[in-house]
Amino acid sequence: MTKLLLIAFIGASLAAGPAFSSEKNRKKSTEAKEKTHVGASCKVSAIGRCPSCGIACQTGETATCAPGMIVGDVCHTQPSCRCTR
């Protein structure tokens with residue numbers, strides 16, 4: 001009887017463990033998203049063979065994005081996304 005209760009207790013604690021740890025991780029990821037996306041942001045769409053880019057800056061920084069340039073069928077100048085103070 002004691003052995004059965006011990007096994008039931010261990011099983012219940014193992015089953016409940018991931019639920020508690022995932023709640024902590026969810027709170028941390030939500031806080032991290034709020035902290036990183038409070039400043040300016042910008043993005044550039046892909047043009048032909050030139051890729052897209054996007055950036056989100058910290059508070060007090062300016063986001064600067066410039067599209068790429070296509071020459072013929074080649075992306076001559078890559079797009080630029082950066083943060084400046």
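The minimum heavy-atom distance between Ala46 and Ser52, with the atom names listed, is N-CB, 3.5 Å. Nearest heavy atoms, Glu61 versus Cys83: OE1-CB, 3.6 Å.
SG atoms of Cys81 and Cys42 are separated by 2.5 angstrom or more, inconsistent with a disulfide link.
Between the side chains of Arg82 and Thr84, no donor N or O sits under 3.5 Å from an acceptor N or O.
Taking SG from Cys65 and CD1 from Ile55, the interatomic distance works out to 7.0 Å, rounded to the nearest 0.5 Å. Distance check, rounded to the nearest 0.5 Å: CG of Asp73 to CZ of Arg49 gives 4.5 Å. One finds the OG atom of Ser45 at 7.0 Å from the NZ atom of Lys43 (value rounded to the nearest 0.5 Å). Between the NE2 atom of His76 and the CD1 atom of Ile70 there is a distance of 12.0 Å, given to the nearest 0.5 Å.
Ser80 has its side chain out of reach of Cys53: every pair of non-hydrogen atoms, C-beta onward, lies at least 4.5 Å apart.
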